[in-house]
Structures are given as C-alpha cells and as structure tokens.
Amino acid sequence: SSCLQMTPLPAGCIMKRRLVSCQLLALYLFPTSTVASQCLNFPADARAKEVREALKQNRPLTAAFHELQKYRDNARHWEDLLPGHSPLNIAVSDSRGFYNSFLDPKSEIGLSRIWPYMIEEAPWGALLEIMEFQVQRSRGQAGSIPDLPPELSKLLQDPSNTWYVNGQSNDDLWQSITSGELVQVLKRLTAIQKPNTATFEKELPRLNLWLSAGATISNLHFDPSDNWMCQLSGKKTFIMFHPNDTEKLYPVQYGIEGGGGDYNSVLDESTGTLVKQVIDDAEGDGKAYSAVNLQEPDLTRFPLFADATPVTCSIGPGQCIWIPQLWWHNVAAQESEINLSLNLWYRVAAEEQLQFRGFDLKDHFQRMIQSFQRSTDHLKHLQLREDL
C-alpha cells in the first residue's frame with residue numbers, strides 16, 4: 001500500500017501537498033508496514049555473470065550465498081570468527097548513531113560532529129560478552145555485567161550508551177576470512193566485481209568488521225569505493241540515494257575551515273560519563289555527510305530534500321548487499337540482537353565507471369564540489385538568520 005493509505009503522516013512530513021520520501025518515512029514512522037524493496041534481489045543459485053551484468057545498472061542489489069548458509073542456520077556460528085584474544089577497537093557513543101551531527105550554534109554552519117569514545121585493543125571474547133549484555137538489557141533481561149575496569153563498567157551500565165565495533169580489522173580477521181570457509185565468498189564477489197582479476201588480494205583494498213547489539217544508525221554518507229557488505233548475524237536496513245541526489249541532501253564536511261565543528265567524546269573517569277571536547281587542530285577527514293536528519297527531516301531548512309528519491313533494501317544472515325561507489329547510504333541495525341557484518345571494498349577507476357556503468361565520475365565530482373559550496377552557503381545563511 002502507499003503511504004497515503006496508512007496512518008496520516010505528521011504535518012511536518014508534508015510540503016506543498018507532496019509526501020516526502022514516502023518509503024523512507026514509512027520505514028521510520030510505520031515499522032509494521034510493508035515497504036517493497038527497490039533493490040534487485042538475487043538468489044543463492046544466481047550465476048556470477050547475471051549479477052555482474054546487473055552491476056552495470058549502477059544501482060544497489062542484494063545476493064544470497066550458499067557459502068553463508070551456516071550463518072542462516074546457526075545463529076551463533078559467527079562467534080568463532082576470531083580467536084578470543086584477538087584485539088579490536090571498540091567505540092562508545094552516548095546515542096545510537098555513528099559520528100553523529102548535532103545542532104551547534106558555535107559552528108559556522110550550525111552543525112558539528114562528535115566522534116565516539118574509543119577503547120583500543122579490546123579482546124574478541126570480551127567484546128562478545130559486552131554485546132550479549134546489551135542485547136539482554138534491551139530485551140528486559142538481567143544479564144551478568146562483564147568484568148571491566150570501574151570507569152568502563154559505569155559506562156556500560158548506562159543504557160544511553162551504545163558500544164559497537166565500527167569498521168575495524170586486524171591480521172586475525174584477514175587470516176580467518178582468507179583461510180577459512182568465507183574465502184569462497186571473497187572469491188565469488190571478486191569474480192562478480194572484477195572478472196578479469198586472478199586473485200581477490202590484488203583488488204580488495206579493505207576488509208572490515210562491524211559489530212553491535214543492534215539499534216544503531218549510521219549517518220547519511222557515501223564511500224569512495226564500491227562496497228559489498230555481507231551479513232553474518234542480525235538484520236540491517238539500508239536507505240540509499242543516487243549520487244545525482246547529492247544537491248538535495250545538502251552535503252557537508254566537518255573539521256575543515258568553513259565546515260562544521262568537530263568534537264571528541266572523552267571519558268570522565270570520576271563519573272563514568274562521556275563529555276564533549278572540541279578538536280582544535282582538526283584538519284578534516286575528507287568524508288562527506290548529509291546535513292539532513294533522516295529520522296526527522298526538516299523541510300523548512302532543507303526544502304530540496306522533498307525531491308530526493310530513496311532506495312530501500314534489507315539483508316539478513318547469509319546475504320550481501322552491493323552499495324555502488326558514491327551512493328549515499330544510511331544503515332539501521334535491527335534492535336535487540338547481535339548484528340555482525342563484513343565490509344569488502346573494491347576500487348573502481350573512472351574509466352571503468354564510464355565504460356561499464358555510463359556514469360561520468362569526473363563530471364560528478366565537479367558537480368559535487370558545487371553542491372558542497374551551495375549547501376555550505378545555505379547553512380551559513382540559516383545560521384546567520386537564526387543568530388539575529
């Protein structure tokens with residue numbers, strides 16, 4: 001059914017008699033409604049050639065893999081992915097989002113970003129205990145508190161804090177993936193993505209792991225490389241926008257001159273709470289974010305967003321999603337369950353984009369720079385008007 005046939009939307013979701021991002025709003029405002037996926041979906045018996053041909057459309061797609069069958073059948077199979085002592089950095093945020101932006105009157109554009117608090121080299125076994133504690137708490141169950149230093153124990157016991165592993169990797173992960181059963185997934189994805197490449201090692205620049213207890217939301221951003229994300233546990237929902245929608249998403253950068261402010265999350269050991277600390281010497285990280293809050297899109301501030309077209313997809317254990325280079329995406333993890341994904345990145349040359357997908361990267365980057373400038377000017381104007 002269409003959004004108009006469901007419960008009436010709040011007045012703020014309607015502008016000039018047009019519904020804004022009908023599917024997007026249905027995802028957040030009507031979680032029990034059925035929203036048809038706009039992704040192409042391939043079953044596990046699909047041939048690599050079929051999927052490879054679909055990549056030429058330059059649109060997201062999902063695919064199931066026989067090699068990931070164990071993760072569909074055994075909810076705990078992923079626990080043995082790494083040795084118990086294997087170290088990974090863990091992030092702690094006082095909200096559900098990754099690198100959240102927030103309204104900040106001190107910022108030139110009225111927005112600033114806050115980085116999570118980072119705990120370095122936490123062992124895999126301890127991470128699993130922390131995630132399990134969070135899952136049980138979200139289900140209203142009494143779980144045993146992991147053995148942590150007092151200040152970190154306070155941090156964990158505060159339900160407003162979210163602990164997660166955000167795109168981390170180490171030698172153990174690479175060894176586990178490339179020498180175990182998951183190596184066949186790498187080989188299949190490389191055969192789809194780079195059919196003329198003999199080995200995946202030549203074409204795979206990054207392999208990352210994402211882990212949470214669910215209920216996390218990433219901000220809207222894009223990546224410079226093609227991105228395959230394979231789900232081993234839990235469910236993720238993706239809301240994506242074509243690169244041509246960049247202007248309508250009000251792109252911004254943080255930590256650079258003329259951009260938004262940048263803050264670190266710092267642990268106050270006396271109280272076990274997180275506090276914001278401004279990053280004075282920030283030079284930016286080159287990442288682009290949307291100034292629009294997808295959970296509460298403000299069409300008064302961002303009127304062009306009304307014409308943006310979302311593409312929605314979901315994946316569960318045993319499935320992978322392909323996010324094409326430069327596609328904007330927001331990722332939400334289903335709550336109250338362990339959520340584990342592997343991220344695989346493939347470089348794409350400008351000539352390849354143009355030849356096989358009909359997408360001119362050079363032209364797009366020129367238009368993107370213009371969009372950044374117009375978005376920044378727009379936000380600065382709003383900030384000046386609000387200061388008066």
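For clarity, every value in this text was computed on a predicted model and none was experimentally measured.
- Cluster partners of Tyr263 are Phe102, Ile114, Val278, counting Ile, Leu, Val, Met, Phe, Trp and Tyr whose side-chain heavy atoms approach within less than 4.5 Å, directly or via other members.
- Pairs passing the side-chain hydrogen bond (donor to acceptor under 3.5 Å, both in side chains) check and including a residue from residues 54-64, sequence neighbours excluded, read Asn41-Thr62, Glu53-Lys56.
- Remark: Gln253 pairs with no residue by the side-chain hydrogen bond (donor to acceptor under 3.5 Å, both in side chains) rule, at least two apart or across chains.
- Under a 4.0 Å N-O distance rule, the pair Lys276/Asp262 does not qualify as a salt bridge.
- Connectivity analysis of hydrophobic side chains (ILVMFWY, heavy atoms under 4.5 Å, direct or indirect) links Phe356 to nothing; its cluster partners are none.
- For residues 117-133, the set of pairs meeting the side-chain hydrogen bond (donor to acceptor under 3.5 Å, both in side chains) definition, not counting sequence neighbours, comprises Arg76-Glu132.
- Shown here are the side chain to side chain contact (heavy atoms under 4.5 Å, CB included) partners of Ala46, two or more places apart in sequence or in another chain: Phe42, Pro43, Val51.
- Applying the salt bridge (Lys or Arg N to Asp or Glu O under 4.0 Å) test to Glu67 and every residue at least two apart in sequence or in another chain returns Arg188.
- Remark: Asp363 engages Arg367 in a salt bridge (Lys or Arg N to Asp or Glu O under 4.0 Å) (not counting sequence neighbours).
- Contacts of Glu181 classified as salt bridge (Lys or Arg N to Asp or Glu O under 4.0 Å), with partners at least two apart in sequence or in another chain: Lys70.
- Here the side chains of Leu127 and Ile90 are in contact, with some heavy-atom distance below 4.5 Å.
- Residues satisfying the salt bridge (Lys or Arg N to Asp or Glu O under 4.0 Å) criterion with Asp245, sequence neighbours excluded, are Lys248.
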Exercise for review: Let me see the working for Leu232 and Leu68 under side-chain contact (heavy atoms from CB on, under 4.5 Å), right down to the final yes or no.
Suggested key: CA-CA 8 Å; Leu232 304 187; Leu68 298 176; 4.0 Å; yes
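- Looking at residues two or more places apart in sequence or on another chain, you find no side-chain hydrogen bond (donor to acceptor under 3.5 Å, both in side chains) involving Gln184.
- Counting only residues at least two apart or in different chains, salt bridge (Lys or Arg N to Asp or Glu O under 4.0 Å) contacts with residues 150-164 are absent.
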